[in-house]
Amino acid sequence: MKRLFGIVLLTLLIFIPIILAACQSTSEYPIDYEQLGEDERIVIRFSHVVGEDTPKGMAARKFAELVKERSDGQIEVQVFSNGTLYKDGEELNALLRGDIQMIAPATSKLTNLVPEISIMDLPYAFRNYDEISDYIFSDIGKALFDKLKNHNLRVAGLWHSGFKQLSNNIRPITHFSALDGLRIRIMPSDILAEQFSTFGASPKRIDFNTVFNQLQKGNIDGQENTLSNITSKNLTSLQNYLTISNHGYLGYFLLFNSEFWEILDEDVQILLTETLEEVQLWEWELAKQMNEEKLSEIENCECIEIHYLSDKDIALWEEAFEPVYTYYKKQYGSKNVDALPKFSH
Ligand code: LMR
């Protein structure tokens, strides 16, 4: 009996520390999420069509870094820039199919789904960045992007590219009549098409990533874009004339596939939402600053003839663009137009 008691005691003395150590090892060591497989981590594939060195490219990277840090690597945002995963014109369908989870397309590229969003494309609709964010986050703006919900899309914010300028290789443009007969690349939006056909130009809907090539081949004479986009594709090397017209706004809706969003845990949704709010403010400053820097770079390079529209010129252009506003109102009613800051206050 004494012997049996001795054996039991010895067994307990040997095994209890082992069991305790095993329990401790699982509770003491943190989980290394980075070593988890894709099906254990949350992976957000974020595709876009511009370069890394643009406001959108930099903000996408910043968002990915912050999310990784704040989730200890449990959430991974994989950014695919330059249209490497899906090209312009493909990424929206890829998001709708759920092949990727996030994109940030120019609002103009959503006008096939929700044509009223082309309010953002109306020339001289906004005088400054504050007017844009005020409009988009007002009830009228929210009603616009809420329409994307019907397409399984959730809008998670607004990023700026900036105000657009005009370039071409035929002639200097200070008066809108100089646009007559020019073939100009646009993003896919009826309002952008109207904007140019009003002045006798031929609008050409061409993917962003092929603009350089189409200009080089001589299939188009010019294009409109923000300076950060123009310089990121080195378009100034192919164009003789640049007009600083600030005639339209180019911005992005940050979009998630809604089905994907809804299956995320609430704490993950909060982390993503708060991080996006922070990155949005950062991106707004960056976009402004980068467009200013690009303007001084272009001025200094003396590689393209630059023309600046004066306030008087702009007033004339604005008046001449009236038919584009009439077109919008005829198609989609006047409510969105009347609510534009320049008409409402
Ligand atoms: C364009 O097609 O010109 C832009 O939408 C590209 C971009 O995403 O800024």
Side-chain angles (χ1 to χ4, degrees), residues 46-61 63 79-95 100 102-114 117-118 120-123 129 132 153 155-168 183-193 195-196 203-215 219-236 238-239 242 245-255 279-280 283-284 286-291 294:
F46 180 175
S47 176
H48 69 79
V49 299
V50 293
E52 301 270 333
D53 191 18
T54 57
K56 178 161 65 176
M58 289 171 74
R61 278 213 317 272
F63 172 59
V79 181
F80 300 90
S81 58
N82 262 318
T84 43
L85 189 61
Y86 291 104
K87 293 193 180 42
D88 204 6
E90 293 175 351
E91 61 173 24
L92 181 58
N93 284 332
L95 183 76
I100 47 180
M102 197 178 171
I103 61 173
T107 54
S108 320
K109 294 175 185 169
L110 297 167
T111 57
N112 276 339
L113 284 184
V114 179
I117 291 180
S118 58
M120 306 303 291
D121 292 327
L122 281 172
Y129 288 98
I132 295 156
L153 296 172
V155 178
L158 172 83
W159 286 356
H160 298 317
S161 177
F163 286 92
K164 289 178 288 185
Q165 322 299 347
L166 264 172
S167 73
N168 84 98
R183 297 162 303 164
I184 307 283
R185 180 268 169 172
I186 57 164
M187 294 182 282
S189 153
D190 288 353
I191 290 297
L192 295 181
Q195 169 190 261
F196 285 110
K204 306 281 178 205
R205 296 168 199 240
I206 291 174
D207 279 8
F208 181 63
N209 302 92
T210 57
V211 178
F212 186 91
N213 198 256
Q214 296 295 320
L215 282 171
N219 292 342
I220 43 174
D221 305 309
Q223 59 85 47
E224 56 161 10
N225 221 315
T226 57
L227 292 180
S228 55
N229 273 345
I230 291 175
T231 52
S232 75
K233 289 288 175 193
N234 201 15
L235 301 185
T236 43
L238 297 173
Q239 301 271 269
L242 177 69
S245 50
N246 290 308
H247 64 278
Y249 168 71
L250 198 165
Y252 314 109
F253 277 164
L254 283 154
L255 298 177
V279 174
Q280 176 170 278
E283 199 274 349
W284 288 356
L286 177 73
K288 279 183 227 168
Q289 189 192 320
M290 202 182 264
N291 283 309
K294 295 299 169 191

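Start at 1 and go down the list; that is how both ligands and their atoms are numbered.
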Every pair of nitrogen or oxygen atoms between ligand 1 and the protein that is under 3.5 angstrom apart - can you list them with their distances to 0.1 Å?
| residue | atom | partner | partner atom | Å |
| --- | --- | --- | --- | --- |
| ligand 1 | 2 (O) | K109 | NZ | 2.7 |
| ligand 1 | 2 (O) | R185 | NH2 | 2.8 |
| ligand 1 | 3 (O) | R185 | NH1 | 2.8 |
| ligand 1 | 3 (O) | N225 | ND2 | 2.8 |
| ligand 1 | 5 (O) | K109 | NZ | 2.8 |
| ligand 1 | 8 (O) | K56 | NZ | 2.7 |
| ligand 1 | 9 (O) | N229 | ND2 | 2.9 |
| ligand 1 | 9 (O) | Y252 | OH | 2.5 |

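- Annotation: ring-ring contact (aromatic ring centres under 6.0 Å, His included) contacts of Y129 (sequence neighbours excluded): H160, F163.
- Among residues two or more places apart in sequence or in another chain, the ring-ring contact (aromatic ring centres under 6.0 Å, His included) test is passed with F253 by F145.
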query: How far apart are the C-alpha atoms of S232 and T54, what are their side-chain angles, what is the distance that settles it, and do they pass the side-chain hydrogen bond (donor to acceptor under 3.5 Å, both in side chains) test?
result: CA-CA 7 Å; S232 75; T54 57; over 6 Å; no
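- You'll find the side chain of N209 reaches within 4.5 Å of the side chain of K233, heavy atoms only.
- Take E224 and apply the salt bridge (Lys or Arg N to Asp or Glu O under 4.0 Å) test, not counting sequence neighbours, and it matches K164.
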Test side-chain hydrogen bond (donor to acceptor under 3.5 Å, both in side chains) applied to Q165 and N246, step by step: CA-CA 5 Å; Q165 322 299 347; N246 290 308; 2.7 Å; yes
